[in-house]
Amino acid sequence: MNFKSIKTAITCLSLMAVAVVSMASEHDEHSSHEAKYAPATKKHSKILAKVDHSQFKILKQKFKSGDELTKACLTCHTNVNDDMHKSMHWTWQSKTNPDLGKDSLTINNYCISAGSGTDKACYDCHIGWDGKNGEINCLKCHSQTLMNWQEAIDDATAMEEEGDEESLEMAAEVREELHDSVVNIGAPNIENCGDCHFNGGGGDATKHGDLDTSLINVSKEVDVHMSPDGQDFTCQRCHTTVDHQIAGRKYNDPASLPKDHKSLIEDDHASKINCISCHSERPHDIKRLDDHAKTIACQTCHIPSLAPIYATNTKWDWSTAGKMKDGKPYKEYIKGLHHKAGYKSIKGTFTWKKDVIPDYMWYDGRFSNMTAKDKIVPGQPIYINRPLGTPHGKNSKIAPFKHHRTNQPYDTVNMTLLAPLLSTPEGYWTKFDWQKAFTLGQKSIGLPYSGKFDFTWTDSWYPTTHMVRPADQALSCIDCHAKDGRLTNVSDVYIPGDHGNKYLDIFGILLVLATILGVALHGLMRFIMSKKRKG
Amino acid sequence: MKKIVTILSLLVFVVSTMASVFAMENTGNYRKGKYKYRGMAKAAFKAGKSESKKPNLDPSSKTRAQWERLFDKKDFSEFSCPEDWKKLDEKDLLNIYAYLYKYAADSPTPAKCK
Amino acid sequence: MQRVLMYTRFERFWHWAQAFAIILLTITGFEVRGFFSLFGFDQAVRIHEITGISMIVLIVFAIFWHFTTGEWKQYVPTHKKLIDQVLYYMIGIFKGDKHPTHKDRNTKLNPLQRLVYLALKLTLFPPQIVLGLLYMFYYDLRPMLPEFLTLEVIANLHVLFAFIFAHFLVIHVYMTTTGETITTNVKAMITGYEDLEEHS
């Protein structure tokens with residue numbers, strides 16, 4: 001017996017075991033010395049709600065207009081006007097590029113253009129009482145009882161003028177309802193923000209796929225942050241607001257600049273717009289996952305699908321708009337979907353999808369945006385907007401996006417996309433006359449229309465960041481690490497299991513097969529020859 | 001000749017005045033109608049007869065012709081509280097009809113982005 | 001005939017542990033590459049990494065053993081009878097010729113084996129281990145790596161070497177059958193003992 005070799009073998013085995021154990025235990029390496037979340041801070045809205053606005057005499061007036069009402073607010077909230085007029089909620093214009101913005105030349109592939117305030121339906125979402133004319137409507141974001149304030153003020157005033165007993169009685173009721181709404185105010189809640197942001201693109205869940213009314217009282221399974229059973233956040237919890245300037249993506253500006261990419265652990269005054277603000281850059285217990293987070297945005301794995309509750313619009317064909325039934329416009333709703341039409345005379349044909357798998361692209365927080373004056377090139381794809389990023393660039397990560405395709409009108413002579421006027425009595429939705437709609441729409445944004453138009457397909461992408469699911473619903477390895485996995489179309493990244501070099505793999509497999517064949521032949525020859533020798 | 005012109009113009013004046021008075025009586029006050037209509041829904045909700053404070057039908061749920069037919073037949077079974085409708089007087093009905101007609105699906109009121 | 005302890009217990013342990021590791025690494029490695037699904041991607045990665053690290057530990061011990069026992073001298077290449085050995089496998093083996101070289105406790109490897117194993121130890125194992133470590137700790141090492149050495153380049157090279165290992169493995173397994181009888185060599189590697197002809 002070789003005693004020495006036994007000893008060596010035992011030592012070797014035990015060392016291998018040590019290696020295996022140390023590899024396996026690597027997983028809880030940093031949880032011990034780094035907090036996983038930044039500590040929670042107190043909720044803002046409860047502090048503000050202590051002021052009882054119903055005590056204020058100035059709010060008990062019989063307001064004859066929205067402007068009058070706002071002036072009453074401004075008697076106490078004195079500096080708000082200046083802040084508000086600087087904010088994008090008022091300007092509808094990019095600070096860095098004046099051509100960009102809903103009130104500028106920006107177009108999308110939903111309702112296309114807001115027509116610089118001419119398209120009244122789009123301007124419903126502007127925070128002014130009458131677009132940018134006159135005062136801001138404070139109630140839109142701050143009243144905790146949503147109602148149609150403009151209608152209430154107009155009707156009450158009209159009925160008071162009529163003066164008969166019944167009218168006065170009704171007017172008093174309307175005034176009471178209005179007053180209740182005016183004094184029940186606080187920091188914006190999800191319904192204030194959602195009133196516009198959940199209805200982008202013309203209806204609930206239409207535009208974003210990660211923003212819709214399902215977020216109100218959402219289950220934890222759909223959104224861990226917003227759910228009352230989860231973190232019960234308000235929107236401002238992440239969209240940090242200072243002097244009415246709200247953090248978030250603004251056209252081609254990143255949601256936050258790289259210098260802001262810090263966690264609350266480093267700086268408790270940091271903007272909370274990024275995941276890392278609260279979760280830090282190493283949020284996982286497993287090093288491999290933290291490594292992934294250097295290339296892949298958190299959203300990619302933690303928002304596995306878009307539109308989990310209500311279907312979102314994925315395709316829109318304006319070219320079929322204008323069909324009539326018995327000479328009248330009509331709508332065809334799709335059964336089983338939450339109030340979604342497959343066809344509307346005023347808008348054309350729609351495709352809606354639930355549980356949409358996003359598109360994945362390199363993204364550094366910026367977008368390229370097309371405007372109504374940009375030329376289109378025949379035969380080339382038209383990207384209304386597109387995420388920007390450099391593969392493995394310092395601030396770039398692979399992130400998920402909602403893709404939307406639309407067949408929309410363009411000027412065949414000027415080769416620009418067209419901005420039709422849709423609402424208002426002269427718009428397409430009333431007159432069903434494209435020529436008129438283009439003439440008026442293009443005029444409203446100060447651009448020419450040649451008189452000749454056709455339809456062309458365009459693409460747009462919207463960032464995905466809301467509806468973060470519980471950790472156990474995140475993507476698993478094989479969602480990407482498999483042939484034609486989720487990231488198969490992402491360029492300049494190696495995905496083991498999907499992106500192997502095809503030629504190398506074929507060469508290697510052939511090499512091994514040839515070797516097997518070679519030794520088999522050699523063996524066969526030996527067998528035959530030995531048989532011969534014996535025989 | 002002069003006489004004929006005077007009589008004719010007088011006749012035109014009388015007819016048009018009568019017509020406008022007649023028309024006004026038929027139109028009703030849409031604003032009163034709106035709040036009466038909404039008030040009925042609220043009352044039904046308070047009495048526990050319906051699940052929503054809001055009316056179950058919008059003006060844009062029907063076309064003008066459909067509203068006209070409904071009010072001609074006085075068939076209110078589609079509303080959440082039909083028995084309350086029977087108690088309404090002609091004036092209230094006319095006001096409500098004026099409201100629904102004004103904002104019906106095929107009315108010229110500008111369509112919203114919905 | 002004489003019964004000789006050809007392979008010590010450590011050598012046998014080393015050989016079979018390494019054989020097991022290489023086969024496991026090959027299977028899990030090709031699963032990670034996306035050729036087939038057996039353990040599942042995440043398990044395949046885990047097994048591959050643990051086996052890889054374990055094998056490095058084993059190799060460190062084997063190197064130590066080779067130097068302390070002087071067994072490394074077995075791998076010093078020689079051109080003596082090298083051609084004869086090659087010709088034997090190409091022609092002689094079919095005619096039932098005797099092995100051109102003699103095997104004993106101090107000359108376990110024939111000239112061709114010496115050359116192949118030395119090449120294996122110098123040009124196949126070290127780069128494959130380095131590539132594996134680069135792959136594994138890529139995100140920690142990236143700031144220090146030259147720009148051309150992307151994860152894709154590392155992964156593809158690692159796979160290229162893996163194919164060469166697989167190629168070797170096939171030949172190696174086949175060559176075990178070329179002993180006195182088909183199973184002589186395998187038996188020797190299991191029991192450690194081999195019956196050798198008296199040296200004349």
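Any value given below was found using the heavy atoms of this structure, including those in side chains, with hydrogens, waters and symmetry copies removed. Below, chain A is the first sequence line, B the second, and so on; all start at residue 1. In this text, all values refer to a predicted model and were calculated from it rather than measured experimentally.
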Region of A/His499 that comes under 4.5 Å of a non-hydrogen atom in chain C: backbone
Rounded distance (nearest 0.5 Å) linking atom CE of C/Met136 with atom CG of A/Asp291: 11.0 Å
More than 12 heavy atoms of other groups within 6.0 Å of A/Tyr503 OH: no
Contacting region of C/Arg12 [heavy-atom separation from chain A under 4.5 Å]: neither
Ring geometry between A/His481 and C/Phe41 (parallel below 30°, tilted from 30 to 60°, perpendicular above 60°): parallel
A/Phe507 and C/Leu160, any side-chain heavy atoms less than 4.5 Å apart: yes
C/Lys108 atom NZ, neighbour heavy-atom count above 12 within 6.0 Å: yes
C/His167 NE2 to A/Leu513 CG distance, which is reported to the nearest 0.5 Å: 12.5 Å
Most contacts with chain C, counted as non-hydrogen pairs under 4.5 angstrom, among A/Lys294, A/Met529, A/Lys483, A/Arg533: A/Arg533
Atom group of C/Thr178 that falls short of 4.5 Å from chain A, counting heavy atoms: both
Residues A/Thr295, C/Tyr139; criterion side chain to side chain donor-acceptor pair (under 3.5 Å); working and verdict: CA-CA 10 Å; A/Thr295 313; C/Tyr139 283 96; 2.9 Å; yes
When A/Val512, A/Ile528, A/Leu511, A/Ile478 are compared by non-hydrogen pairs under 4.5 Å with chain C, the top option: A/Leu511
Region of C/Thr177 in contact with chain A, defined by heavy-atom distances below 4.5 Å: both
Greater than 12 external heavy atoms within 6.0 Å of A/Leu517's CG: yes
Within 6.0 Å of CD in A/Gln473, more than 12 heavy atoms from elsewhere: yes
Among the listed options C/Asn156, C/Leu151, C/Asp42, the residue most often paired with chain A at heavy-atom distances under 4.5 Å: C/Asn156
C/Val45 side chain reached by A/Arg288 side chain, heavy atoms, under 4.5 Å: yes
Side-chain touch A/Asp505/C/Phe35, heavy atoms, less than 4.5 angstrom: yes
Whether over 12 other heavy atoms sit under 6.0 Å from C/Lys187 NZ: no
From A/Lys287 atom NZ to C/Phe137 atom CZ, the distance as rounded to the nearest 0.5 Å: 6.5 Å
Chain A contact via C/Val173 - side chain, backbone, both or neither, heavy atoms under 4.5 Å: neither
CD1/C/Ile182: more than 12 non-hydrogen atoms of other groups inside 6.0 Å: no
Pairs of heavy atoms under 4.5 Å with chain A: top-ranked of C/Asp140, C/Val159, C/Ile93: C/Ile93
Distance, nearest 0.5 Å, that separates CD of C/Glu152 from CG of A/Asn501: 7.0 Å
Spacing of A/Lys532 atom NZ and C/Phe94 atom CZ [to the nearest 0.5 Å]: 12.0 Å
Residue selection (most heavy-atom pairs with chain C, distance under 4.5 Å) from A/Asp498, A/Leu504, A/Ile516, A/Ile495: A/Leu504
Nearest atoms (heavy-atom pairs only) where C/Ala155 meets A/Tyr494: CB-CE2, 3.2 Å
